[in-house]
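Everything below concerns the one structure shown next.
In the text below, chain A, chain B and the rest are named by the order of the sequence lines, each starting its count at 1. What you are looking at is a predicted structure, and each value in this text was computed from that prediction instead of being measured.
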Amino acid sequence: MPEPSVPLLRLSKVTKRFGAIRAVWNVDLEVSPGDSLAIFGPNGAGKTTLLRVIASLTQPTSGEIEFAFKGDNQSRNRVGYVSHLSLLYNELTGFENLLFYARLYGIKEAHDRADEMLAKMGLEGARNQRTGEYSRGMKQRLTLARALLHEPQLLLLDEPYTGLDQHGSRLFTEVLRVLKQEGRTILLVTHNLSEGLELCDRVMIQNRGELVFQGLGEHLDKAGFEELYFQAVEEGGN
Amino acid sequence: MPEPSVPLLRLSKVTKRFGAIRAVWNVDLEVSPGDSLAIFGPNGAGKTTLLRVIASLTQPTSGEIEFAFKGDNQSRNRVGYVSHLSLLYNELTGFENLLFYARLYGIKEAHDRADEMLAKMGLEGARNQRTGEYSRGMKQRLTLARALLHEPQLLLLDEPYTGLDQHGSRLFTEVLRVLKQEGRTILLVTHNLSEGLELCDRVMIQNRGELVFQGLGEHLDKAGFEELYFQAVEEGGN
Amino acid sequence: MNPIALTWVLVGKDLKIEYRSRQAYLTTVFFAILILVIFNFAFDPGSPATREAASGILWVALLFPGIIRLNRSFQVEMEEGTLYGLILSPADRGVLFLGKLLANWLFLMVVDLLVFLAFVIVYNFSFSTQLLWIVLLIVLFALGFSAVGTLLGAMVSTIRTREVLLPVLLFPIILPIILPAVSGTQEILLAQEIQSLNRSVELLVAFDLIYLAAGYLLFDYVVAD
Amino acid sequence: MNPIALTWVLVGKDLKIEYRSRQAYLTTVFFAILILVIFNFAFDPGSPATREAASGILWVALLFPGIIRLNRSFQVEMEEGTLYGLILSPADRGVLFLGKLLANWLFLMVVDLLVFLAFVIVYNFSFSTQLLWIVLLIVLFALGFSAVGTLLGAMVSTIRTREVLLPVLLFPIILPIILPAVSGTQEILLAQEIQSLNRSVELLVAFDLIYLAAGYLLFDYVVAD
Amino acid sequence: MSSPINTSWRVARLYLRIADWSLIPLYFLMVVALYGAFLYAPTEREMGDVQRIFYFHVGVAWNCFLAFFGVFLGGVAYLITRKRSWDHLAASCVEVGVVFTTMVLTTGPIWARPIWNTWWPWGDPRIMTTMVLWLIYVAYLMLRSSLPEGETKYKYCAVFGIIGFLDVPIVWFSIRWWRTIHPVVITSSGAELEPEMIHALLVSVIAMTVLCVTLVMLRMAMRLNSSMAEELTHS
Ligand code: HEM
Ligand SMILES: Nc1ncnc2c1ncn2[C@@H]1O[C@H](COP(=O)(O)OP(=O)(O)OP(=O)(O)O)[C@@H](O)[C@H]1O
Ligand SMILES: Nc1ncnc2c1ncn2[C@@H]1O[C@H](COP(=O)(O)OP(=O)(O)OP(=O)(O)O)[C@@H](O)[C@H]1O
Ligand SMILES: [Mg+2]
Ligand SMILES: [Mg+2]
């Protein structure tokens, strides 16, 4: 894993409340460039909310978030976000969607880039089909393509494997590997422990908003970690 | 597995076309009471469409579908369907949603039933929260509760494990086991081969609308089947 | 579960949702009054022109909430595919139709009557038993409107070819109930000798029945594509 | 990518989507025309009274497509959370605003002009160069309307009761542009000596600019919660 | 107790104290205003005693503008500083402003009935625009009540308050733009009123203004307290 450097992202005492519910509670977190961090946690633990806060899609109730991107400080075009929503226009075709986002991000040769990403996610076949008519997995593939389109430095992936078939997940795992080698920073939320452990250097467990465990992946074997996970979330999952 | 009897469900030469796309192509299928059938296939293979056709949410372009429920032939209240959509009202709380459906299905003691199902899926905590504010996994749990609410004879499950955490998936696997023992019929669409093999007696693989493989689960080990799956869908996944 | 009880379960659900979307009622009422105020920029109530136009104004003002209501009523069902939930249930399609219809009708009547009240005040018409006739017209119109609206709403929410379908269908369909309503109201407001009012009412009743029957029978075909 | 080009990318996207679902055009135009018909039915088109009320009728009819359009314009962005997609992009918020604004403006101009055409025909006004003034008023009004509407539309897009809330917020706000538009139109239709028309135009231009500025500056605050 | 709570606690107390202090002069001013309006000022020639409502009518009317300006100010300040107290100001001003506008909308008709012999001369732009002003800020209240508590709410309301205020100039100038039966007293050429009338008017305007400020202060204090309570329950 990359040598510790100035953190790319720092959260300090971040809290997000919805009325009485503490979706995110007192989260301190440092992510250095090149880190790959797997976030686990039971349903309703606050993982999605945490990512939304980091993506600055919603203001935290309290606490600070700092970015430190090399190059410009314009954080927005450095972040790639995969959410539970597809962020795609149902009325547009797969290609048109990617083309639109490519232009939005000011990518040169937008056409080529769009086609390239379609090929990468194995969607050439559905290039000119309305995304509204896509199957779930096809949509998910396009969602991933959209998020990776502008080669972001920081990837926020919220259950990216949802609905992907065998080919799809292998494909994406490959893509992630490459991105890691390129030294991109990855935050991966998933419910598949082994997957997360395999892909990421660091792991953390969130429960009821709080980070209840942080550690380095390499020290953990699947069985042992599962053990650990259940202990961590023992005191009442959701 | 139960002795072969008069089929509960028979599909003959069922085809569903969307314009040029053959979502479902010439599917012949017999499902006896008590069968548990796992349906695999790449993204866009037509699994969801197949289930939609069986649930009679959409008419097939051609072909017949016959049900034979013992008791009345009123098939509708014998089918439980989990789709990619949650079929829940965002404005209503988890409890209200279940209560509404319970009444819709004419269940006696609707209140108790609703609470029972909430407990079963571990949602007591979110009983009075608007489902619009649920997390993805919580919503999925409620979706499952909704589908099982009226104790259907035939279960159509389209990727039911989506977004469920460790507890959730174990919980649901348990529920499925019980349902199987009770002799209910299950059609399970999933991308997780081992899961499907483990849970179901019969397996089939769909590719580009066609059923390219049918077999009995017990004769198959995970590794061998994965092999087989990739061969089956070899000739161009999506 | 018997159909009537079931219908009320459906109606109750819709009303609760409306109520949940906080302020829906209050806002709609305010909105309706707003419309009348807007009209007053357009034509000042004093002039004879306006008196003549009054019935037209009223009915246009009533159209606004109606459309918005219908749009919403099935949008709610599509959001998470709950419409499929209803279709899959053993509930008879006719009952589903009646449920939606009643919910829409109730909602519209409440709003419409409030608009009417505001209307009478704003244009200071004297309260007289005559006005009850208008109330009747409103109730009848709201019924027919909800019936057609519910049917078409269901249609547009599922069918892919809705784009062209809806307007083409709706236009000729609403006219037969809106025109008698307008002319009937005008007669009453201009306090002419009530001669053709009965015909207006008869027309409305007739078409309400037609629409109800049509809706009840056709609903099965428009839900589920 | 330079702002102008980017703006056009956004506009192009919206127009393409609108084109894919033509419903939007047809329904809005249809309702507007329905209003014209209702009024036309309410009083006999020939009468001087009608001529007097005409401008009011026209503008009421034009409000309909406007509100429906705005509701839709952000509903599209909410369906799959694409609004977040836009917010996450490096595109300047002002540009996002202009993109939506222009799309809405273009859309409204097309629809409004169609409605106006229908209006002229239904109330058989003679086509004269005078009417071009009204076209100007419509264009200016549509601009201001889209400006405020886009801002408020984005604001209410996350609220559950947006369909109703939007008009409630919007209608009173746009008074400064609707008032001159109505009075200006009336002058032209009654073919009086055009005296205060210039002021109407000036007012419209002035407030268009104000709303544009306000929208451009404030949009950043209303997108993203 | 955490320190932010402490500070806001002190601020709330300050608001309340201001309100208290202003009460005495308020009573005094009110009495004087009444005296001025009903006894001191001479009876107007054409209109007679009805005209005396003028002093309150205008006093109140002018305060609508003041209050709504407060909304505008609070909005702008909030968007810049993101300090919750600015939102308190805006929200309180809206409430008071709406009340005052309602008063204009009642004193007006009371006045109108005898002299224009109609309660509500619809044609008159000033009257319409005042009506709309009222509608705008009632809409503001509706927007407030349909948003969940939080920064978003304050931001949205701030934005709406700012745009809404753009209409106030229209109300002011409407009498000069469109022909109206609404009298224009204060013109560029100065006010054409008898001196006693002006005095009475001034006093009642001041009295109403003090009243306006006091009410705003009370509402702000109330808001601050409730937000503190909210803080305490959640932390
Ligand atoms: C519905 C009824 C009315 C409303 C809504 C209304 C509204 C207002 C408003 C908002 C103002 C303050 C704006 C300004 O000071 O320029 C005002 C001022 C005034 N109103 Fe009224 N008014 C109404 C009826 C009347 C009537 C019946 C009269 C008496 C003829 C009247 C006489 C005045 C006068 C003399 C002023 C002060 C004008 C000035 O300072 O230039 N108002 N009115
Ligand atoms: N908009 C909202 N309003 C109210 N409560 C919310 C909202 N969004 C999330 N919550 C609540 O916040 C908590 C965390 O939600 P979140 O979606 O972050 O969980 P999660 O970790 O992503 O769960 P999952 O694994 O199921 O996706 C949940 O209890 C949820 O009910
Ligand atoms: N409403 C529709 N209109 C047009 N084409 C459609 C529609 N629904 C599905 N399709 C097409 O039918 C094919 C099968 O879709 P379906 O959703 O059944 O696949 P699936 O097996 O469920 O895929 P996944 O595993 O990703 O869920 C896809 O190619 C899809 O593009
Ligand atoms: Mg989540
Ligand atoms: Mg599927």
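Contacts between D/Ile159 and chain C at a heavy-atom distance below 4.5 Å are absent for every atom of the residue. Heavy-atom distances place no part of D/Glu79 under 4.5 Å from chain C, backbone and side chain included. Looking at C/Ile178, the atoms closer than 4.5 Å to chain D (heavy atoms on both sides) all sit in the side chain, from C-beta outward.
Here the options are D/Trp59, D/Phe116, D/Tyr211, D/Trp105, the test is ring pair (Phe, Tyr, Trp, His ring centres under 6.0 Å), and the partner is D/Phe141; only D/Trp59 passes.
The line from CG of D/Leu140 to CG of D/Asp208 is 5.5 Å long, rounded to the nearest 0.5 Å.
When atom types are taken as modelled, the side chain of D/Ser55 and the backbone of D/Val182 share a donor-acceptor pair closer than 3.5 angstrom.
When every heavy atom of D/Ala103 is checked against every heavy atom of D/Leu15, the shortest pair comes out as O-CD2, 4.4 Å.
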